[in-house]
Amino acid sequence: MIGYKLRTIELTVVAALCAGAAGCSADVAEGETVATTGQAVTISPVGSSAVQAAVYGYMWEWKTNGSTPVQLPVPDPPNSACFLTNVWGTFQSSSDMVRVSMVTQGSAIKWQIFGLSGGGSPAGDAWCITGSDFTLGAEAAWLGSGPAINMPKPGGSGFADTNDSCFLMGISGNVSNAGDNSARVRKVNGIWQLEGIPGVKVFARCINHPAFAEQTITPGTVNDLPGLGSSPARSFHADHDYFCALTRVHGSLRGGWIGTYIHTLSDTGGLVYAWRSNGFTNPNNSYLAGTARCTM
């Protein structure tokens with residue numbers, strides 16, 4: 001982990017790499033303020049043959065044709081937290097699901113990514129943070145109906161607020177013909193809330209690190225995700241400092257992909273790691289978008 005003062009210097013340098021670029025823009029809610037934290041999170045995996053590796057970096061993957069749950073080899077909670085960073089494939093029945101969750105194995109608690117197929121081909125990817133400088137909140141579940149749910153406060157009573165970051169853990173249901181805000185966790189008047197469209201179940205958790213500006217994800221458009229001071233979420237270090245994950249799936253999942261990933265910038269000699277967002281659609285999936293946020 002890296003101290004705040006050093007990170008600030010680094011981010012001032014790498015911000016020049018993105019100056020004036022459209023990919024550095026972010027959607028910031030009116031009146032929203034973003035706090036900073038004194039200690040960075042550490043993400044996992046950095047890189048290993050044990051995880052899925054492609055042009056989008058390293059991540060743990062679950063998809064229908066590998067239906068066995070994937071155990072995530074990170075320290076047991078509370079020294080780890082895992083979230084949904086990408087969701088893809090088709091979600092066309094009430095039982096199609098992809099989810100990141102804690103499971104009990106003997107006397108230990110482990111993280112895994114898993115899913116179910118009820119006719120579709122749901123899939124997703126997970127990243128984790130590790131260390132001891134954060135507290136993980138209880139999971140909240142919006143079960144397909146009713147008002148939005150206030151997210152539990154990590155490590156305390158009440159609800160998650162502007163000092164916290166909340167990310168999606170899972171999505172379940174028919175999202176093949178969904179409209180706006182199929183699944184989302186967002187801040188409303190300073191309180192994080194979870195909701196979805198009727199019939200779609202949504203799961204989320206929070207950690208006690210404040211979130212940076214929200215970024216819209218548009219399939220076919222590569223965007224740098226915003227970090228401290230709206231500078232790009234970039235780092236000179238292999239542990240990356242930043243963690244960025246999904247906060248909303250917007251539209252229909254009929255073979256498309258939406259999410260976040262890490263990219264090594266070749267013009268820096270591989271020294272700089274950048275969090276980015278992108279996705280794709282196919283002819284049957286023309287309406288798909290999302291949002292993501294970062295924390296550190």
Side-chain angles (χ1 to χ4, degrees), residues 21-27 52-66 83-100 113 115-127 167-186 195-204 213-226 233 244-263 274-294:
C24 295
S25 63
D27 299 323
Q52 174 74 13
V55 294
Y56 301 115
Y58 291 86
M59 62 193 75
W60 287 291
E61 174 186 284
W62 184 92
K63 56 186 177 181
T64 305
N65 61 7
F83 298 95
L84 197 63
T85 51
N86 299 280
V87 61
W88 44 289
T90 58
F91 289 68
Q92 61 188 35
S93 80
S94 60
S95 56
D96 285 338
M97 177 181 68
V98 65
R99 186 174 173 187
V100 180
I113 182 170
L116 295 171
S117 174
S121 55
D125 300 301
W127 287 76
F167 303 106
L168 296 179
M169 302 287 294
I171 183 169
S172 174
N174 186 346
V175 198
S176 63
N177 293 298
D180 294 348
N181 303 317
S182 306
R184 69 177 176 183
V185 59
R186 61 170 180 162
E195 62 184 339
I197 60 171
V200 173
K201 298 177 182 179
V202 191
F203 307 89
E214 184 178 66
Q215 174 70 59
T216 296
I217 307 172
T218 304
T221 302
V222 177
N223 279 321
D224 287 295
L225 288 163
C244 308
L246 285 171
T247 53
R248 179 176 65 150
V249 175
H250 181 76
S252 303
L253 280 163
R254 290 182 287 187
W257 161 66
I258 200 83
T260 68
Y261 61 95
I262 284 180
H263 178 73
W275 276 97
R276 289 179 169 173
S277 67
N278 199 354
F280 66 81
T281 62
N282 62 32
N284 297 317
N285 190 27
S286 58
Y287 179 60
L288 179 64
T291 61
R293 287 184 187 261
C294 301

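Just so we're clear, the structure is a prediction, and the values are computed from it rather than from any experiment. Side chains included, hydrogens not; waters and symmetry mates left out as well; all remaining heavy atoms used.
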Note to self: Consider side chain to side chain contact (heavy atoms under 4.5 Å, CB included). Of Val175, Asp125, Leu168, Ile258, which one does Val87 pass it with?
What the structure shows: Ile258
To the nearest 0.5 Å, what is the distance between [atom1] on [X] and [atom2] on [Y]?
{"X": "Ile171", "Y": "Leu253", "atom1": "CD1", "atom2": "CG", "value": "6.0 Å"}
{"X": "Arg99", "Y": "Ile113", "atom1": "CZ", "atom2": "CD1", "value": "12.0 Å"}
{"X": "Lys201", "Y": "Ser94", "atom1": "NZ", "atom2": "OG", "value": "8.0 Å"}
{"X": "Trp88", "Y": "Glu61", "atom1": "CH2", "atom2": "CD", "value": "4.0 Å"}
{"X": "Ser182", "Y": "His250", "atom1": "OG", "atom2": "NE2", "value": "7.5 Å"}
{"X": "Glu214", "Y": "Arg248", "atom1": "CD", "atom2": "CZ", "value": "6.0 Å"}

Give the minimum heavy-atom separation between [X] and [Y], together with the two atoms involved.
{"X": "Ser252", "Y": "Ser176", "answer": "CB-O, 3.2 Å"}
{"X": "Cys294", "Y": "Ala233", "answer": "SG-CB, 3.9 Å"}
{"X": "Trp62", "Y": "Val98", "answer": "CE3-CG2, 4.2 Å"}
{"X": "Ser277", "Y": "Gln215", "answer": "OG-CG, 4.3 Å"}
{"X": "Thr90", "Y": "Asp96", "answer": "O-OD2, 4.0 Å"}
{"X": "Ala292", "Y": "Leu225", "answer": "CB-CD2, 4.0 Å"}

Is there a donor-acceptor pair under 3.5 Å between the side chain of [X] and the backbone N or O of [Y]?
{"X": "Thr247", "Y": "Val185", "result": "no"}
{"X": "Asn278", "Y": "Gly220", "result": "yes"}
{"X": "Gln92", "Y": "Gly119", "result": "yes"}

Taking side chain as C-beta onward, heavy atoms only, is [X] less than 4.5 Å from [Y]?
{"X": "Trp127", "Y": "Phe167", "result": "no"}
{"X": "Ile217", "Y": "Asn223", "result": "no"}
{"X": "Val222", "Y": "Tyr261", "result": "yes"}

Checklist line | By side-chain hydrogen bond (donor to acceptor under 3.5 Å, both in side chains) - contacts of Arg184 (at least two apart) | finding: Asn181, Glu195
Note to self: What I want to check is whether the side chains of Thr85 and Thr260 have a donor and an acceptor closer together than 3.5 Å.
What the structure shows: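 The criterion, which ignores hydrogens and geometry beyond distance, is not satisfied for Thr260 and Thr85.
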Note to self: Classify the ring geometry of Phe280 against Trp257: parallel below 30°, tilted from 30° to 60°, perpendicular beyond 60°.
What the structure shows: tilted
